[in-house]
Amino acid sequence: MMITVELNVADFEYDIHSLVKAFYPEHDVLVRAVCTEAPESLRTRYPEAVFHLAVVYKEAEIWFSFFHEQESEAALCGDVSVDFADRKETKNRLKQRLYELLTAFSGRTLPWGTLTGIRPTKIPYAMLEDGASEDAIRTYMRETYFTSDEKIDLSIEIAKRERQLLSRLDYEDGYSLYIGIPFCPSTCLYCSFTSYPIHTWKKRVDEYLDALCKEISWTAKACQDKYLNAVYIGGGTPTSLEPEQLERLIVQIGESFHLMDAEGRIVYGGMERETEKECSDVAGDVCVRSGTGRSSNHLLEFTVEAGRPDSITAEKLAVLKRHNISRISINPQTMKEETLRLIGRQHTVEQTRQSFFLAREMGFDNINMDLIVGLPEESTDDVRRTMEEIMKLGPDNVTVHSLAIKRASRLRIERENYGHLHIKNTWENIQQTADYCRRMGLKPYYLYRQKNMAGNFENVGYAAPGKAGVYNILIMEEKQSIMALGAGATTKVVFDHGNRIERVGNVKDITNYLERVDEMIERKRNHLNKIGKR
């Protein structure tokens with residue numbers, strides 16, 4: 001099903017598309033700027049469209065007209081006065097008026113109002129940095145973006161926790177490291193990440209690690225005058241690797257960046273976490289303090305996404321434990337067996353439980369679990385049952401994702417095969433996941449949004465005191481450079497505390513990456529002078 005939007009001038013197309021799509025995430029939204037001489041309008045070309053929106057820019061105002069299918073009379077009209085010389089204010093006024101009209105036309109509101117960006121906590125974060133009061137932030141977000149009180153409170157709560165941690169980091173001299181392992185046991189229905197079935201690449205995994213280790217070695221030397229604060233091995237599913245391959249990778253990282261002691265254990269130093277009692281202002285959620293630490297490095301955490309329960313073995317966990325990995329993920333997504341089969345995950349609910357118990361028995365004390373709400377055919381009761389099962393396990397972190405249907409996912413590409421599936425997220429789903437997390441003693445510490453999210457909600461990370469994922473905050477707030485290695489990984493070079501960011505992407509295709517790894521290194525070399533040295 002489609003919605004068409006025509007503009008008489010090519011301007012603010014992205015903002016209009018994003019807002020219309022937020023109200024109608026289940027529909028395709030086609031936006032095109034046309035001139036009066038256009039031989040064929042979108043209304044003519046797509047007569048089956050659910051509705052058509054015409055946007056007309058005039059000298060000092062913008063007109064909006066909504067048409068049902070082929071009706072010649074507009075069902076709803078509205079306008080707004082603007083000063084095109086002030087682009088920021090023009091965009092705000094355009095989105096405010098369009099939001100009001102879409103609310104009237106659709107009969108619904110959005111929890112985040114006109115905010116369509118993926119990092120809404122940046123607004124309260126920046127205002128807190130500038131000394132604004134919480135009341136001033138609430139007024140600004142409510143009046144400027146029509147954000148609901150619940151989302152304003154959530155974003156302020158998270159921004160305060162983020163500041164508590166990030167205020168202690170050295171943005172200029174610090175950086176983080178992402179290592180991408182693009183292999184999985186199978187490809188999930190909703191997945192759009194760089195990921196390939198491990199069984200088809202098994203004979204070339206060592207070759208991939210050869211290229212990756214080359215990139216790791218170069219990066220360590222290139223960044224030797226910087227402070228490495230966090231390491232994150234993601235994917236894909238890093239535990240798709242065999243134990244000896246995991247061993248090789250972690251040792252390469254530890255030795256290259258001088259993170260290991262004589263016994264081969266990752267050492268964390270430079271900053272140490274405070275206790276809950278010592279950090280009473282935010283209940284110790286994400287506090288760290290400066291200090292000499294236990295080594296000369298500045299590493300705060302080393303995360304490995306164990307990910308799929310069917311990829312986890314005692315031997316692989318033993319490798320991670322032996323090297324003192326501080327944080328792992330075991331990601332069920334749901335605890336409903338039928339949904340696991342539907343979305344293409346090969347593990348069972350019982351495997352999730354057993355993997356978690358095994359990790360606990362081996363001494364892992366910071367385990368994250370990823371969940372997705374809005375999965376096909378899942379009801380509010382299904383989400384509640386999943387949260388009940390998760391609460392019995394008692395993880396240290398829970399990350400709740402709202403399903404986002406990306407263009408590269410099978411769910412989108414093969415719509416003819418999955419169009420019959422019921423996919424819906426609700427406020428009740430989001431609220432009950434938040435309630436369960438708080439009952440487990442977990443508090444929200446980072447938040448981000450994605451395009452095409454079911455219900456136009458958000459992804460939220462919850463953590464126990466002292467267990468928040470540093471890397472997760474850093475990648476969301478974009479205040480520190482992140483060196484990203486491996487196929488499909490994107491390095492972010494951050495300037496001026498996030499006011500300017502340049503991205504350096506690696507090729508996604510594994511064969512291309514293997515053949516062009518030297519080129520990937522050269523790309524980073526050309527940007528390294530922009531990262532700066534202390």
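Keep in mind that what you see is a predicted model, and the values were worked out from it rather than measured.
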Exercise for review: Could you go through the side chain to side chain donor-acceptor pair (under 3.5 Å) check for Y445 and N472 one step at a time?
Suggested key: CA-CA 9 Å; Y445 76 94; N472 290 333; 3.0 Å; yes

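- A salt bridge does not link K492 with E502: none of the charged nitrogens is closer than 4.0 Å to a carboxylate oxygen.
- Salt bridge annotation for R385-D382: present, with a cationic side-chain nitrogen under 4.0 angstrom from a carboxylate oxygen.
- For E337, the CD atom counts as densely surrounded, since its 6.0 Å shell holds more than 12 non-hydrogen atoms of other residues, nucleotides or ligands.
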Review point. What's the verdict on salt bridge (charged side-chain N to carboxylate O under 4.0 Å, His left out) for D153 and R138, showing C-alpha distance, side-chain angles and the deciding distance?
Key: CA-CA 8 Å; D153 289 344; R138 288 188 176 89; 2.9 Å; yes

Practice item. Give the C-alpha distance, both sets of side-chain angles, the deciding distance and a yes or no for side chain to side chain contact (heavy atoms under 4.5 Å, CB included) between Y471 and I482. Key: CA-CA 9 Å; Y471 178 85; I482 296 177; 3.9 Å; yes

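- Using a 4.0 Å cut-off between charged nitrogen and carboxylate oxygen, K443 and E157 do not count as a salt-bridge pair.
- With R119 as reference, E478 is the one residue of E162, E477, E478 to meet the salt bridge (Lys or Arg N to Asp or Glu O under 4.0 Å) rule.
- Side-chain atoms of K479 never come within 3.5 Å of backbone atoms of L169 as a donor-acceptor pair (strictly under, hydrogens ignored).
- Panel note: side chain R161, backbone Y446; no donor-acceptor pair is recorded below 3.5 Å.
- Shown here are the salt bridge (charged side-chain N to carboxylate O under 4.0 Å, His left out) partners of K316, two or more places apart in sequence or in another chain: there are none.
- Take Q346 and apply the side-chain hydrogen bond (donor to acceptor under 3.5 Å, both in side chains) test, not counting sequence neighbours, and it matches no residue.
- Closest approach of S240 to P185, counting heavy atoms only: OG-CD, 3.6 Å.
- Scanning both residues, F457 and W427, for their nearest heavy atoms gives CZ-N, 3.3 Å.
- Panel note: side chain D28, backbone I3; no donor-acceptor pair is recorded below 3.5 Å.
- By the 30° and 60° cut-offs, the orientation of the rings of Y448 relative to H401 is perpendicular.
- Of all non-hydrogen atoms in P25 and R108, the two that sit nearest each other are CD-NH1, 4.4 Å.
- For the salt bridge (charged side-chain N to carboxylate O under 4.0 Å, His left out) test, no residue two or more places apart in sequence or in another chain qualifies with D370.
- The 12-atom threshold is exceeded at NZ of K321, counting heavy atoms of other residues, nucleotides or ligands nearer than 6.0 Å.
- The main-chain N or O of L101 is never found under 3.5 Å from a side-chain atom of R97 such that the two would form a donor-acceptor pair.
- Remark: L102 CG to I16 CD1 distance equals 10.0 Å, nearest 0.5 Å.
- Of all non-hydrogen atoms in G235 and Y178, the two that sit nearest each other are N-OH, 3.3 Å.
- With F12 as the aromatic partner, R87 meets the cation-pi criteria of under 6.0 angstrom to the ring centre and within 45 degrees of the ring axis.
- For H199, there are no ring-ring contact (aromatic ring centres under 6.0 Å, His included) partners two or more places apart in sequence or in a different chain.
- Side-chain N or O atoms of K226 include none that pairs as donor or acceptor with a backbone N or O of Y175 at under 3.5 Å.
- Residues satisfying the side-chain hydrogen bond (donor to acceptor under 3.5 Å, both in side chains) criterion with Y208, sequence neighbours excluded, are absent altogether.
- For the side-chain contact (heavy atoms from CB on, under 4.5 Å) with F364, the lone residue among L358, I330, L317 that qualifies is L317.
- When atom types are taken as modelled, the side chain of T433 and the backbone of I430 share a donor-acceptor pair closer than 3.5 angstrom.
- Side chain of E305 to backbone of P238: no donor-acceptor contact under 3.5 angstrom is found.
- For T352, the side chain to side chain contact (heavy atoms under 4.5 Å, CB included) partners two or more places apart in sequence, or in a different chain, are P309, P332, M335, H347, M369.
- Not counting sequence neighbours, the partners of Y140 by the ring-ring contact (aromatic ring centres under 6.0 Å, His included) test are Y145.
- If you run side-chain contact (heavy atoms from CB on, under 4.5 Å) between F183 and each of T239, I510, T237, only I510 comes through.
- Distance alone, capped at 3.5 Å, is enough to place a donor-acceptor pair between the D396 side chain and the I367 backbone.
- Both tests pass for R500 against the ring of F495: distance under 6.0 Å to the centre and angle within 45° of the axis.
- The shortest non-hydrogen separation linking A132 to I137 is CB-CG1, 4.2 Å.
- Remark: F23 engages Y99 in a ring-ring contact (aromatic ring centres under 6.0 Å, His included) (not counting sequence neighbours).
- Scanning both residues, M520 and G505, for their nearest heavy atoms gives SD-O, 4.3 Å.
- Considering only residues two or more places apart in sequence or on other chains, K392 meets the salt bridge (charged side-chain N to carboxylate O under 4.0 Å, His left out) condition with E389.
- With sequence neighbours left out, Q354 forms a side-chain hydrogen bond (donor to acceptor under 3.5 Å, both in side chains) with E350.
- Using modelled atom types, no side-chain atom of Q351 and backbone atom of D310 make a donor-acceptor pair closer than 3.5 Å.
- No donor-acceptor distance shorter than 3.5 angstrom exists from the side chain of S155 to the backbone of T121, with no hydrogens or angles considered.
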Practice item. Determine, stepwise, if the pair E301 / N366 fulfils side chain to side chain donor-acceptor pair (under 3.5 Å). Key: CA-CA 10 Å; E301 71 178 21; N366 195 351; 5.7 Å; no

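- Residues passing the side-chain hydrogen bond (donor to acceptor under 3.5 Å, both in side chains) test with Y436 are E388, sequence neighbours excluded.
- Note that CD of Q96 and CG of L19 are 11.0 Å apart. Values are rounded to the nearest 0.5 Å.
- Listed by chain and residue number, nothing satisfies the salt bridge (charged side-chain N to carboxylate O under 4.0 Å, His left out) test with D130 (two or more places apart in sequence, or in another chain).
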